[in-house]
Amino acid sequence: RMTEEFSKMTPPPSCVPYHEGTLQSLEEARGMLESMKGAITTRDMQSLGEIAQQAAALQAKAAALKRMQEQIRASDP
């Protein structure tokens, strides 16, 4: 639901890369949580290890988005 509402927004041109990156990260996080739910239910340890790697990559993307947000705010008059 949050992704739906967020995707309906029209950001200012300077915020489009941040907006698109956030949408992509939300979708990746949702998919990762669904995968985690399945892996826990089936006790699939290999999948849980892969999900941990995905989580680390997602965390790096979140940090990059935060930096992007800070740059946008710093350049906003």
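On a predicted model such as this, the values are computed, not experimentally measured, just so you know.
- Within the structure, no pair that satisfies the ring pair (Phe, Tyr, Trp, His ring centres under 6.0 Å) test touches residues 26-76, not counting sequence neighbours.
- M36 and M45 fall within a single hydrophobic cluster, where Ile, Leu, Val, Met, Phe, Trp and Tyr are joined by side-chain heavy atoms under 4.5 Å apart, directly or via other members.
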Without placing hydrogens or testing angles, list every side-chain donor-acceptor pair under 3.5 Å for residues 47-55, not counting sequence neighbours.
{"residue": "S47", "atom": "OG", "partner": "D44", "partner atom": "OD2", "Å": "2.7"}

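- Tracing side-chain contacts under 4.5 Å through hydrophobic residues (I, L, V, M, F, W, Y), one reaches L58 starting from I40; they form part of the same cluster.
- Screening residues 3-22 for salt bridge (Lys or Arg N to Asp or Glu O under 4.0 Å), with sequence neighbours left out, gives R1-E5.
- Within the structure, no pair that satisfies the ring pair (Phe, Tyr, Trp, His ring centres under 6.0 Å) test touches residues 30-63, not counting sequence neighbours.
- Under the ring pair (Phe, Tyr, Trp, His ring centres under 6.0 Å) criterion, no residue pair touches residues 45-65, with sequence neighbours excluded.
- Pairs passing the salt bridge (Lys or Arg N to Asp or Glu O under 4.0 Å) check and including a residue from residues 22-37, sequence neighbours excluded, read E27-R30, E28-K61.
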For residues 63-71, run the donor-acceptor check on the side chains, cut-off 3.5 Å, and write out each pair with its distance to 0.1 Å, sequence neighbours left out.
{"residue": "Q69", "atom": "NE2", "partner": "Y18", "partner atom": "OH", "Å": "3.4"}

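- A pairwise comparison of heavy atoms in V16 and P11 identifies CG2-CG, 4.0 Å as the closest pair.
- Residue pairs meeting the ring pair (Phe, Tyr, Trp, His ring centres under 6.0 Å) criterion with at least one member in residues 34-72: none, sequence neighbours excluded.
- For P12, the side-chain contact (heavy atoms from CB on, under 4.5 Å) partners at least two apart in sequence or on another chain are S14, C15.
- With values rounded to the nearest 0.5 angstrom, L26 atom CG is found 6.5 Å from F6 atom CZ.
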